[in-house]
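These notes are about the structure you will find just below.
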Amino acid sequence: MLVFTNKNKIGAHISSLKKEGNKIGFVPTMGALHQGHLSLIKEGLLNNSVMVVSIFVNPTQFDNVTDLDKYPRTLEADIKLLETVSENIVVYAPSVDDIYEGDTRAQSFNFDGLEFEMEGRFRKGHFDGVGTIVKRLFEIVKPDNAYFGEKDFQQLAIIRKLVEKHQLPVIVVGCEIHREANGLAMSSRNVRLKPEYSLSAPFIYKTLKSAQEKFGTKSANIITEWVQKQFAKHDLLELEYFIIADVDTLKTVKRKNKNKTYRAFIAVYAGDIRLIDNIALN
Ligand code: PAF
């Protein structure tokens with residue numbers, strides 16, 4: 001498998017692949033790959049002849065140094081896993097300098113307010129970091145199609161906005177959340193869960209499913225209060241937020257409108273690991 005660490009070298013390789021008529025799909029990741037990432041890559045392989053996977057823990061999207069330091073880095077294992085999927089995968093695993101050229105700062109973006117909701121409220125500057133890295137990666141990889149998981153639904157909405165506002169020549173494809181058999185949304189952070197938290201974390205999806213069931217008959221406020229009570233009673237999991245939001249604006253719904261589409265979003269601490277998830281409601 002070809003693994004590039006230099007943007008000019010991978011750029012030249014991709015140019016020649018394109019000249020040969022290859023369609024380039026792209027899955028940006030921060031590594032610690034799991035079946036969720038592989039499902040994005042497999043989806044991409046259906047419509048692209050080559051898939052590029054970037055593996056880069058992007059410092060500018062972390063608002064917490066400990067979280068950045070502790071983020072799992074497993075490049076060798078990641079490459080081995082990718083080798084089991086296809087020969088038509090190219091890896092870009094750059095250093096911080098290759099991407100940021102000595103100036104590790106995020107650019108400021110205006111995502112029409114999407115960036116101030118949910119994750120944006122609790123992780124200051126997070127989406128400027130995401131916007132900065134994804135825009136740079138798109139400029140380096142020049143993919144035809146790029147694949148993102150709906151687990152980070154707000155991120156997906158922001159990347160669509162980035163592409164629209166900056167007129168980037170790439171099609172953004174959103175892919176369904178991949179879950180463990182117990183319902184827990186797959187995440188690179190799951191490997192850091194202590195055993196007792198691994199056992200209790202499926203409670204997050206179970207609660208989202210109950211919220212989904214209640215959505216037909218109960219108001220968003222009543223469901224939100226019910227979810228807050230469930231977590232207040234829980235010994236191990238600490239709720240950071242639960243909100244029911246309009247999928248287009250990501251703003252918390254006050255009164256349901258039957259012409260709108262809603263989703264429930266949740267962030268929970270399992271010890272020092274922060275987990276997020278979401279579910280479609282209608
Ligand atoms: O979702 C992620 O893993 C990251 O936010 C991304 C898109 C790779 C940017 O660093």
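Counting convention: from 1, in listed order, for ligands and their atoms alike. Since the structure is predicted, the reported quantities are computational estimates derived from the model, not experimental observations.
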Using the ring of each side chain (for Trp, its six-membered ring), is Phe56 parallel, tilted or perpendicular to Tyr100, with breaks at 30° and 60°?
-> tilted
For the student: nearest non-hydrogen atoms of Asp78 and Gly31, plus distance | OD2-CA, 3.4 Å
On the ring face of Phe26, is Lys142 found with NZ or CZ under 6.0 Å from the centre and within 45° of the axis?
-> no
Regarding Arg179 and the six-membered ring of Tyr205, is the cationic atom NZ or CZ under 6.0 Å from the ring centre and inside 45° of its axis?
-> yes
Salt bridge (charged side-chain N to carboxylate O under 4.0 Å, His left out) contacts in which one or both residues fall within residues 155-167, not counting sequence neighbours | Asp112-Lys161, Asp112-Lys165
Ligand-protein N/O pairs under 3.5 Å (ligand 1):
unit_1	atom_1	unit_2	atom_2	d
ligand 1	1 (O)	Gln155	NE2	2.8
ligand 1	5 (O)	Gln61	NE2	2.9
ligand 1	5 (O)	Gln155	OE1	2.7
ligand 1	10 (O)	Gln61	OE1	2.6

Could you point out which residue of Ile243, Ile244, Asp246 forms a side-chain contact (heavy atoms from CB on, under 4.5 Å) with Val253?
-> Ile244
